[in-house]
Amino acid sequence: MESTVALPQPQYATHEVTNQAPPLAPYDASDDPALLEGLRREGAEWAEEGIRRLGARAGSAEAQEWGELANRHEPELRTHDRYGNRVDEVTFHPSWHHLMRVAVAEGLAGAPWTDDRPGAHVARTAGGLVWGHTESGHGCPTSMTYAAVPALRAQPELAKVYEPLLTSRVYEPGLRVPAEKPGLLAGMGMTEKQGGSDVRTNTTAATPTAEPGVYTLRGHKWFTSAPMCDVFLVLAQAPGGLSCFLVPRVLPDGSRNAFRIQRLKDKLGNRSNASCEPEFDGTVAWLVGPEGRGVKTIIEMVNCTRLDCVMNSATLMRKTLVEAGHHVRHRSAFGARLVDQPLMRNVLADLALESEAATTLTLRLAGAADRAVRGDEQERAFRRIATAVGKYWVTKRGPAFTAEALECLGGNGYVEDSGMPRHYREAPLLSIWEGSGNVNALDVLRALAREPGAADALFGELALARGADARLDATVTGLRSELAEADQVSARRLVERMALALQASLLVRYAPAAVADAFCATRLGGDWGHAFGTLPAGTGLDAILERALPGGN
């Protein structure tokens, strides 16, 4: 017999969820006019279809989850096997391997060095600007693999063996004889405890063997990324001075080279990627370039990775701007959507200016690198100074930018599952990696003093925008007089002004008038506060946001 008594219904929910933004994914990470325009302008229009395809994949729910999982499940060091044999292996979550497989297949590692098409290096940079929307850590081994190729060419015999494998589009993890794998990854070991960026104080010793070009190393490196790579470029003191060496993890006979990983670094960010302290003791290494010319040999690698620091900072800016824009379009407060409130629009527009300037400069630097590889000496000189300028400034702007973008989400942005804290922790790395701010500022002074063509190339670039904006013209005139008095005390101030002038000149030439005028008024003209969101009254906020935010504002 059925009961006629009404039973109480369970009441688990205390509220209905409203006024929260839906998930951003799926979205198109390539939906960025500054990116696509720069791609075409710098000679890689042929790559646009592939960049758009990669952008859609980067913004997919699947790829975004890969990035989250790769950082939640960090790499683990296994020094010994179950029997007590030394193995020094680092294991990764499957999501890391998914990210790496796509990156290598899409040519974000060494592939451009075998691509004869003009703009191949620009296309790679554009690919990094969109695929980096997944996460930043796996960009480290792809960057170093890309950068190792030109350095390795200083020893043609080694390049003949390894370059086809470093430029492969096949990702195959695991330590095996390098020549037996379809594709390789390269890492780098430069710094030591006592010196850091002052690599000439390195104490790792390289002893020649009876075999020409082959040495054994003994010493300890302080920061080496990434230990799961197949080969490494390492600096050590040979009889003839500081020299560059190629160190494989596995020797040609299949035995493990001595590469004892003492520990993995417990880093602020970049936690999906392994950085380590390896110990060399009888480690077999092959000389790359002449003895005593280690810095000169490896500097080409550093130039490439510095460009990638600029690229990754610009990527973080764009990613966090997209996240902020998505949130404010779906969140309301005080009776209106956040995106419709004037003060929030000022903040977003200010961030959009910074992001577009960073992206535009990144692609200009990539274009210079591409043309320098093809023998353009003017572009080589411009690349030399402008990459150091861009590395200093764009990476410096990253932490402040990501903090402001995070704040657009309020408390929602401060919790881990928003993803914004991960981006915020990543941002400072790019100013530190490949030389801190001071190192890059001093490098600009070095280029000005030792390479007369560098200053001419920079001012030649700035001259292309002469007469388009009075504030820019005044800045360039001031720069010329400041160069005569440049010293260490004023180095940061000088490099900052160089960077702003360079970004402004590019925006004046290529960006919409609202973007260029607002950038010049604030960054050059001084009509600006000390935080983002202080654009002056009358700034074309609507035009800036319409361009910057995917799907309108």
Side-chain angles (χ1 to χ4, degrees), residues 24-64 66-67 98-136 138-139 142-143 145-146 167-169 171 304 307-323 325 352 355-371 373 390 394 506 510-511 547-551:
L24 171 60
Y27 73 102
D28 182 359
S30 69
D31 187 7
D32 177 5
L35 166 69
L36 296 175
E37 291 167 10
L39 178 75
R40 300 170 197 137
R41 186 170 58 245
E42 298 298 338
E45 63 280 352
W46 51 266
E48 183 170 340
E49 181 180 350
I51 295 300
R52 288 180 178 272
R53 173 181 48 76
L54 185 60
R57 190 169 189 185
S60 69
E62 178 184 51
Q64 291 295 304
W66 289 345
H98 295 326
L99 292 164
M100 286 295 302
R101 191 166 289 110
V102 173
V104 173
E106 293 289 342
L108 304 187
W113 298 108
T114 60
D115 193 335
D116 292 333
R117 291 175 292 184
H121 296 269
V122 177
R124 175 194 173 270
T125 298
L129 285 165
V130 298
W131 187 244
H133 279 234
T134 56
E135 73 95 38
S136 298
H138 76 291
T142 57
S143 177
T145 302
Y146 169 70
T167 58
S168 168
R169 290 178 181 253
Y171 171 66
C304 290
L307 171 58
D308 278 8
C309 288
V310 183
M311 174 190 77
N312 285 321
S313 286
T315 304
L316 274 176
M317 289 182 188
R318 180 63 189 171
K319 168 65 172 174
T320 54
L321 174 62
V322 170
E323 293 277 5
S355 176
E356 177 152 354
T359 297
T360 303
L361 178 56
T362 298
L363 289 166
R364 175 65 184 95
L365 295 176
D370 191 87
R371 289 183 281 275
V373 166
V394 176
L506 292 168
Y510 302 125
R547 175 175 172 82
L549 298 183

Closest non-hydrogen atom pair between [X] and [Y], with its separation:
X: Ala548; Y: Leu321; answer: CB-CD2, 4.5 Å
X: Arg40; Y: Arg52; answer: NH2-NH2, 3.8 Å
X: Tyr146; Y: Cys304; answer: CE2-CB, 3.9 Å
X: Val104; Y: Ser168; answer: CG1-O, 3.7 Å
X: Leu307; Y: Ala369; answer: CD2-CB, 4.3 Å
X: Leu99; Y: Ala63; answer: CD2-O, 4.3 Å

Consider only side-chain N and O atoms of His138 and Trp66, and report whether a donor and an acceptor are under 3.5 Å apart.
no
Got a donor-acceptor contact below 3.5 angstrom from the [X] side chain to the [Y] backbone?
X: Trp46; Y: Pro118; value: yes
X: Thr359; Y: Glu356; value: no
X: Thr360; Y: Ala357; value: no
X: Thr114; Y: Ala111; value: yes
X: Asp370; Y: Gly119; value: yes

Name all residues meeting the side-chain contact (heavy atoms from CB on, under 4.5 Å) criterion together with [X]; count only those two or more places apart in sequence or in a different chain, and write none if there are none.
X: Ala126; result: Leu35, Leu39, Ile51, Leu363
X: Pro33; result: Glu37, Arg547
X: Val373; result: Trp113, His121

Take Val102 and Leu54, measure what side-chain contact (heavy atoms from CB on, under 4.5 Å) needs, and give me the verdict at the end.
CA-CA 9 Å; Val102 173; Leu54 185 60; 4.1 Å; yes
With a 4.0 Å cut-off on N to O distance, would you call Glu106 and Arg53 a salt bridge?
yes
What residue among Asp308, Asp115, Thr142 forms side-chain hydrogen bond (donor to acceptor under 3.5 Å, both in side chains) with Arg124?
Asp308
For [X], which residues count as a side chain to side chain donor-acceptor pair (under 3.5 Å) partner, sequence neighbours excluded?
X: Glu42; result: Arg371
X: Arg318; result: none
X: Arg101; result: none

Between Arg57, Lys319, Glu323, which is the residue that forms a side chain to side chain contact (heavy atoms under 4.5 Å, CB included) with His133?
Lys319
Leu316 and Ser136: CA distance, side-chain angles, deciding distance, side-chain contact (heavy atoms from CB on, under 4.5 Å) verdict:
CA-CA 8 Å; Leu316 274 176; Ser136 298; 4.0 Å; yes
Could you give the distance from CG (Leu108) to OG (Ser143), rounded to the nearest 0.5 Å?
10.5 Å
